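Residue numbers begin at 1 in each chain, while the letters A, B, ... track the order of the sequences. Quantities reported herein were computed from a predicted structural model and do not represent experimental measurements.
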Amino acid sequence: MEANNFIEEIINTELGEGVCEGVHTRFPPEPNGYLHIGHAKSLCLNFGTAKKYDGLCNLFFDDTNPSKEKTEYVEAIKADIEWLGFKWHEVHYASDFFDEIYERAVKLIKDGKAFVCDLKADEISAMRGTLTEPGKESPYRNRSIEENLKLFTEMKDGKYADGEKVLRAKIDMSSPNINMRDPVIYRVLRAHHHRTGDKWCIYPMYDFAHPLCDSMQGVTHSLCTLEFEDHRPLYNWVVENTGVAHKPRQIEFARLNITNTVMSKRYLKKLVEDGAVRGWDDPRMPTLTGLRSRGVPAEALKNFCEAIGIAKANSEIEITYFEHFIRDYLNAHAERAMAVFEPLKVTISNFPDGNEMEEFDVNPNDETAGKRQISMSKHIYIEQEDFALVPPPKYFRLKKDGYVRLKNAYIIRCDDVILNEDGSVKELICSYVPESRSGNDTSGIKVKGVIHWVNADDAVDCEIRKYDYLLKDAEYSGQDFSERMNYDSVHVYNGKAEPYLSSVQEGTSFQLLRKGYYKKVTEGDKLVLSEIVSLKDGYKPNK
RNA sequence: UGGGGUGUCGCCAAGCGGUAAGGCACUGGAUUUUGAUUCCAGCAUCCGUAGGUUCGAAUCCUGCCACCCCAGCCA
């Protein structure tokens with residue numbers, strides 16, 4: 001099997017040497033928040049690697065800290081993974097293994113490799129040493145096995161208050177790796193666990209529980225992010241010293257960073273709690289559910305994850321790269337329709353009475369997408385921005401005495417402009433060129449601009465939920481028109497052109513296509529937003 | 001100043017001793033009834049840096065520099 005990244009190289013080598021027989025991975029979120037785009041990378045890696053090697057991938061909830069975890073999150077996480085289209089082999093919870101993890105801790109004590117420590121948190125911290133100085137051994141380090149056993153049992157039975165005692169692995173207080181300086185592996189914590197309720201008052205630490213859970217699930221390759229590299233020696237220590245039969249291997253890779261995007265669960269949670277966004281599924285959020293309500297196709301996200309690759313170098317991907325995959329997918333699959341945000345009434349004086357109907361492809365790039373009907377009459381609406389009383393340089397759209405093409409229809413000429421009392425444009429009187437009809441234009445007139453329009457007779461009013469940018473408007477001010485268009489063309493697919501449509505999740509009304517309100521659309525119901533909204537670097541929620 | 005990692009084009013990223021893939025972005029130009037798409041063309045004499053080994057190095061060796069992570073009873 002050809003390796004696409006360094007992890008696959010490792011697997012290939014192991015397979016070749018017979019170190020492992022198959023591949024079993026797991027996606028291991030802690031249910032303390034919603035999944036975001038960063039998790040998508042891990043999701044694709046874990047599920048993708050398992051699939052490539054015809055192996056298995058579990059969903060594993062790392063719920064060893066009940067004070068932060070909730071059932072709401074586990075349900076949301078499952079829904080997000082399903083949305084992405086991944087199918088897990090089994091679902092496991094660290095809490096399902098609490099009994100066995102406890103037994104493994106007892107074994108460590110019996111083997112003289114763990115001890116109950118009475119030091120307070122700050123004392124342990126003070127004795128841990130520093131980056132350059134070794135730590136000092138706890139005075140409780142040499143308690144007898146019998147005493148440790150008794151004390152640990154009492155910890156489990158609730159005889160001690162939170163923080164009063166902990167169980168520590170007996171490793172090496174002078175290790176240059178701070179994680180090996182007699183790490184705490186169990187703490188007393190009286191918190192209601194979302195699954196085990198009040199059964200336990202002691203909980204294992206991540207460093208102890210994770211390798212054991214990997215082993216018990218049969219995981220062969222435990223993929224995690226770079227910050228756990230220093231924990232690998234401890235991971236291996238646990239695997240080697242607890243007597244587990246199956247020995248998994250931890251491999252680290254760089255987490256995903258995207259420009260101008262907040263990827264920290266802590267801040268995302270704060271945004272939700274502060275009411276800065278309507279919830280975890282606010283389209284401005286980089287959460288999977290937020291992306292979904294924004295109209296981002298799951299396929300696009302997966303294509304993106306595949307393209308960015310897996311490596312160990314810290315990196316920050318430009319948001320345009322992600323946007324490219326959204327556009328790429330939408331261009332091929334999204335249904336088209338025309339829409340107008342700020343309507344400007346247009347009367348085509350020489351157009352015959354009644355409606356003229358015609359059929360068009362729903363998606364010119366996909367014949368199987370079907371056809372749609374578009375009608376036209378002498379009264380239509382166009383976008384206010386598509387007419388300029390005083391056109392800036394290189395303005396391709398409508399102006400007084402100028403021509404423009406109505407998409408899918410005719411070329412029109414603006415003959416007259418009717419103004420309001422305040423000087424703003426009220427209505428346009430135009431004439432159309434009959435022989436310029438879409439498909440068989442014999443007029444010989446060349447126009448550069450093509451604009452959207454809706455038929456006044458049967459256009460549909462839509463209520464669009466408006467989301468503001470978190471980016472300030474000031475970001476745009478000072479830009480000239482061409483730059484503005486350029487910006488829009490990146491963030492609103494095709495700029496002023498036809499928006500792409502795709503269905504959105506039920507319950508989501510209509511999403512923003514661009515800044516401003518949607519007023520009229522021809523085909524009422526499904527709309528979509530195409531702008532990419534992101535948080536600025538350094539953005540901090542209000543305290 | 002301890003330990004663990006990483007350094008190839010603006011951003012990702014291949015490359016694993018034989019003389020720098022690809023994508024995004026960008027720039028030209030052609031088509032185009034979406035200022036989109038599509039399509040051609042251009043875009044690292046150089047791989048953090050200084051030396052060394054070699055007929056030959058981004059790839060091997062040595063020194064140096066830069067950046068990231070670690071002192072939670074979080075994960």
Query raised in the report: Given the side-chain rings of H324(A) and F304(A), with only the six-membered ring counted for Trp, is the space between their centroids under 6.0 Å?
Result: no
Query raised in the report: Between K156(A) and Y102(A), is NZ or CZ placed under 6.0 angstrom from the six-membered ring centre and within 45° of the ring axis?
Result: yes
**Report entry** Heavy-atom donor-acceptor pair, E252(A) side-chain to G5(B) base, under 3.5 Å
**Finding:** no
Query raised in the report: Taking atom P in both C12(B) and U19(B), what distance in whole Å separates the two?
Result: 27 Å
Query - Interatomic distance, R405(A) CZ vs G35(B) C1' [rounded to whole Å] - result: 16 Å
Query raised in the report: Among U37(B), U34(B), C12(B), which is the nearest nucleotide to the side chain of E316(A)?
Result: C12(B)
**Report entry** Base versus backbone protein contacts along nucleotides 67-75 of chain B [heavy-atom cut-off under 4.0 Å; B, S, -]
**Finding:** -SBBBSBBB
Report task. State the pairing partner of C55(B); accept Watson-Crick or G-U wobble contacts with both distances under 3.5 Å, and report none otherwise. Result -> G18(B)
Query raised in the report: In terms of heavy-atom contacts, does NZ of K120(A) have more than 12 from other residues, nucleotides or ligands at under 6.0 Å?
Result: yes
Report summary line: Against the side chain of N331(A), the closest entry in G4(B), U37(B), G35(B) is U37(B)
Query raised in the report: Given the C1' atoms of A44(B) and C9(B), what is the spacing between them in whole Å?
Result: 5 Å
Query raised in the report: C16(B) and U59(B): how far apart are their C1' atoms, nearest whole angstrom?
Result: 6 Å
Query raised in the report: F253(A) CZ to G5(B) P: how many Å, rounded?
Result: 17 Å
Report summary line: E229(A) CD to G2(B) P, in whole Å, measures 18 Å
**Report entry** Rounded distance in Å between the P positions of G10(B) and U62(B)
**Finding:** 30 Å
Query raised in the report: If you look at every strand shown and take non-hydrogen atoms under 4.0 Å, does A311(A) touch a base, only sugar-phosphate, or nothing?
Result: sugar-phosphate
Requested in this report: With P as the reference atom in both, quote the distance from A66(B) to U27(B) in angstrom, rounded to an integer.
Outcome: 36 Å
Query - Toward the 5' end of RNA chain B, by each residue's nearest nucleotide, G449(A) or F325(A) - result: F325(A)
Requested in this report: Rounded to whole angstrom, note down the P distance from U8(B) over to G15(B).
Outcome: 15 Å
Requested in this report: Evaluate the salt bridge (charged side-chain N to carboxylate O under 4.0 Å, His left out) criterion for residues R249(A) and E14(A): first the C-alpha distance (whole Å), next the side-chain angles of each, then the deciding distance (0.1 Å), finally the verdict.
Outcome: CA-CA 11 Å; R249(A) 168 179 184 167; E14(A) 291 181 347; 2.5 Å; yes
Query raised in the report: Is G10(B) paired to anything, Watson-Crick or G-U wobble with both distances less than 3.5 Å, and if yes, which nucleotide?
Result: C24(B)
**Report entry** Verdict with supporting geometry, F325(A) and Y329(A), ring-ring contact (aromatic ring centres under 6.0 Å, His included)
**Finding:** CA-CA 6 Å; F325(A) 286 97; Y329(A) 184 88; over 10 Å; no
Query raised in the report: Just to confirm, is there a sub-4.0 Å distance from OP1 or OP2 of U34(B) to any side-chain nitrogen or oxygen of R397(A)?
Result: no
Query raised in the report: Under the ring-ring contact (aromatic ring centres under 6.0 Å, His included) criterion, do Y235(A) and F228(A) qualify, and how do the steps go?
Result: CA-CA 9 Å; Y235(A) 182 99; F228(A) 292 104; 9.9 Å; no
Query raised in the report: Is the NZ or CZ atom of R405(A) both under 6.0 Å from the centre of the six-membered ring of Y410(A) and within 45° of that ring's axis?
Result: no
Query raised in the report: So does K270(A) pair up with E273(A), basic N to acidic O under 4.0 Å?
Result: no
Requested in this report: Provide, to the nearest angstrom, the distance between the CG atom belonging to D328(A) and the C1' atom belonging to A36(B).
Outcome: 13 Å
Query raised in the report: For F396(A) and G35(B), do the ring centres fall under 5.5 Å apart while the planes stay under 30° apart?
Result: yes
Requested in this report: For G22(B) and C43(B), measure between their C1' atoms and round to the nearest Å.
Outcome: 14 Å
Report task. Whole angstrom is fine here: how far is it from CZ in R327(A) over to C1' in G23(B)? Result -> 13 Å
**Report entry** Value in whole Å for how far the C1' atom of G4(B) lies from CD of Q250(A)
**Finding:** 12 Å
Query - Chi-angle category of G72(B) [syn within 90° of 0, anti beyond] - result: syn
Report task. Before giving the answer on side chain to side chain contact (heavy atoms under 4.5 Å, CB included), spell out for K312(A) and L226(A) the whole-Å C-alpha distance, their side-chain angles and the decisive distance to 0.1 Å. Result -> CA-CA 7 Å; K312(A) 295 193 74 167; L226(A) 250 30; 3.9 Å; yes
Report task. Starting at atom CG of N257(A), determine the distance to atom P of A13(B), rounded to an integer number of angstrom. Result -> 11 Å
**Report entry** Euclidean distance, atom CZ of residue F6(A) to atom P of A14(B) [Å, nearest integer]
**Finding:** 10 Å
Query raised in the report: Between C47(B) and A21(B), how far is it from one P atom to the other, in whole Å?
Result: 15 Å
Query - Who pairs with C64(B) - Watson-Crick or G-U, where each distance is under 3.5 Å - result: G48(B)
